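Here the structure is a predicted model, which is why all the values come from computation and not from measurement. The figures here come from the full heavy-atom set of this structure, side chains too, leaving out hydrogens, waters and symmetry mates. Letters go in sequence order (proteins before strands), and every chain restarts at 1.
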Amino acid sequence: MVLDQLASGLVYSSIIVLGSIGLSLVYSIAGFANFAHGDTMTIGAYTALVTFGAVGGIGGSVLGLPAGFFVALVAGIAMAALVAVVTEKLVYSGMDLDSIGLLIASIGLAFIYRALIQLGFSAQSTRYGIQSLRPIEALVPYGVRITEHDVAIFVSASLLVVGLHVLLQYSDLGRKMRAMADNPDLARVSGIRTERVKLWTWIIGAGLAGAGGVFLGLYSQLTPRMGFNLLLLIFAAVILGGIGSVYGAMLGGFLIGMINQLTPLLSDIGIPIGIEYANAIAFVIMVVVLLVRPNGIAGEAT
Amino acid sequence: MSLVEDPRGYWSGLTVAEKGVTAAIVLFAVGLVVSLLGGLLAPTYFLFLVGLAGMYALLSLGLNSQWGFSGLINFSVAAFFGIGAYGTALASASSSPVAGGLPPIVGLFAALVLAALLALFIGIPTLRLRADYLAIASIGLAEVVRLIVLNQDSWTNGSAGVRGIPGFFEGWPVLATFPDTMPTIVLGSGPGAMVLNAPFWQALLNVGLVLAFVGVSYLVLRRAHRSPWGRVLRTIRSDEDLASALGKNTYAFKMQAFVLGSLIMALAGVFYAHLNLYVSPGDLDPITTFYVWVAVILGGSGSNRGALFGGVVIVLIREGTRGLPFEAAPIRLLAIGVIIVLLMRFRPQGILPPQKELIWPGTVDETPQQPDSGVRETKAGEK
């Protein structure tokens, strides 16, 4: 039982980590809590739905997923990034507001994204046209019931996270992003083109969110509310890790995903709190962290 | 100076936005009356709309006393609305799993007590937090409340909701039987005739109730806003450090404003429960919170009359999209989203920002300034 929940916790964490990195990146550089981030994930998921419907027949399969799904994944990432860039250019860059004003504006954008998706695809839940798999036989004797799709989610998310790490630590853009997150004014006077770095931050953050959305759709199903429903968990993860810290967001996302999936264990050890309160536990943890250690586990630096 | 003594002077003292809004309201009211007389709008439905507008106005007034007066970003409006509705429902409904069957006036006080407790539960941990953390934490705690209402079947009937809520005036002398004793009046003839029967009188009674709630809240808040207490709140909104330096216990003031606003939101919930006669966990959905936020920032943060105006606009969006030939939910959501973005882009201070306030955010850090627009150069009526 415990092993099974740990395994599904790993998978769920992967999705949350993808979401929380982007939220944290954007927070550290654009300077506000982006409530539209969850709906950016939804955009990725629905783009993948459409793309997979078009290219689903492409041959070959990896980890139980048709090759076309990976095309759809890339499309989802690209669309989420594109929407973020357009939004930044059209909306945010024209606003002369403090972080609270931007936060409220992002709520409006979240509604616009979600309303447009709902207009196009209705409020009903849907799924990718991918056959769901039986749990991997070799693991069943250990009580672990995960599918190859779950493994694919975990592996892809890990690759993306490692890729981001390499980008942040070893590339020119990554260094500029870290400099800007530390001190935007100093970065600007040092000759960094902060506007360009900001745009790249939006692209990377939203792209990762798009990937998270695609995997969330594979993990459960697609609804126009899927991203918004996950948003508070992602906030909990980001705050737990330390808002604005990318590595903190990874750690926080991992912990929140794990706690979420391990909730059923509470009733096993005699605490009568069921799975229906899994999210509530995450929110309470979030508030406690804010009270005890507002800088989160990893502090506020990148 | 007042409208009665010197209407022309009053009008010329208004800003362009105020004139525009006044004109729009007059036009809108004329349109309503015409469609009412023309039979397009059933009188009972019209009164229902007025009741709903009053309910949103209450919610907006409540949020305004938190966000507009004191700068608290409370994203748990839906939780207070829901706890108000559930408080009175659980006390008075016949199907209540807890107490049930009590007079609604007891339900009113039960709801207010519950709301005050919830305000402390949410406020004590969150009011010390930075503004954006407060937003996130309060919406998280509101979700905790919603999950409890949804899942604790033994307290709340869970997803089935609570039925059998009596009307607010049940058991009152005269008012309890008022709708049934009033005669049925038919105005006009043919399909356009207005039939004033028991549901109409019931709706009229509900409107009276919400107007009483709104009136009392408005007067209390206006008094509070002008009092020294309100001045401290505005100082906290502008510069909390300054308020602390002046020896004010900012945490206590913020908590008082938070509880006050939450009670008014719960009042809206009480009205809703006795209007709808049914409450369900869906009433605690976060979308209610965002509707109310739109009303407050649309009307103008800190402005009570702006909050009233915003409440009416929200009802327009919610009810005006009914009867469309396609599903209205996404249209409503889109309208809300577009309004928020356009407001924040072009008029972040709202349509009717408060006038003649001395303390604005930014007055302390920079040279004293007034908001870019919407401020009178002279007081109303002065030459």
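Of the listed residues (B:L150, B:D285, B:I297, B:I339), the one with the most heavy-atom contacts under 4.5 Å to chain A is B:D285. The candidate with the highest count of non-hydrogen atom pairs below 4.5 Å against chain A, out of B:V338, B:V294, B:L342, is B:V338. Contact count versus chain B (heavy atoms, under 4.5 Å) is highest, among A:G94, A:S106, A:P224, A:A33, for A:G94. Of all the listed residues (B:V145, B:I336, B:I148), the one sharing the greatest number of non-hydrogen pairs under 4.5 Å with chain A is B:I148. Between chain B and the residues A:L233, A:L231, A:L97, the most heavy-atom pairs under 4.5 angstrom are made by A:L97. For chain B, the option among A:I112, A:L102, A:D98, A:D96 with the highest count of heavy-atom pairs below 4.5 Å is A:I112.
Atom CD1 of A:I275 and atom CG of B:N151 lie 11.0 Å apart (nearest 0.5 Å). Considering CG of B:L147 and CZ of A:F283, their distance stands at 7.0 Å, rounded to 0.5 Å. Remark: A:I239 CD1 to B:D132 CG distance equals 8.0 Å, nearest 0.5 Å. Distance OG1/B:T126 to CG/A:L291: 8.5 Å, rounded to 0.5 Å. Atom CD in B:E143 sits 8.0 Å away from atom CG in A:N229 (nearest 0.5 Å). In this structure, CZ on A:R114 lies 12.0 Å from CG on B:L334, to the nearest 0.5 angstrom.
Heavy-atom distances place the side chain of A:L232, and not its backbone, under 4.5 Å from chain B. Contact of A:V287 with chain B is made through the side chain alone, with heavy-atom distances under 4.5 Å. Looking at B:P125, the atoms closer than 4.5 Å to chain A (heavy atoms on both sides) sit in the backbone and in the side chain alike. With a 4.5 angstrom heavy-atom cutoff, B:I73 touches chain A only via side-chain atoms. Both the backbone and the side chain of B:R345 come within contact range of chain A, with heavy atoms under 4.5 Å apart. When heavy atoms are compared at a cutoff of 4.5 Å, A:F228 approaches chain B solely by way of its side chain, counted from C-beta outward.
Shown are B:I340, B:L343, B:V341; of these, the side chain to side chain contact (heavy atoms under 4.5 Å, CB included) with A:I104 is made only by B:I340.
The ring of A:F35 has its center closer than 6.0 angstrom to the ring center of B:F75.
Between B:V144 and A:Y277 the shortest side-chain heavy-atom distance does not fall below 4.5 Å. A:F111 is listed as a side-chain neighbour of B:I287, based on a closest heavy-atom distance under 4.5 Å. Counting heavy atoms from C-beta outward, B:I331 and A:L119 have side chains that approach closer than 4.5 Å. Within the 4.5 Å cutoff, the side chain of B:W293 has no heavy atoms near those of the A:I107 side chain.
Within a 6.0 Å radius of CE in A:M79, other residues, nucleotides and ligands contribute 12 heavy atoms or fewer.
Between B:A329 and A:Q118, the shortest heavy-atom contact is CB-NE2, 4.1 Å. For B:P330 against A:A115, the heavy-atom pair with the smallest separation is O-CB, 3.3 Å.
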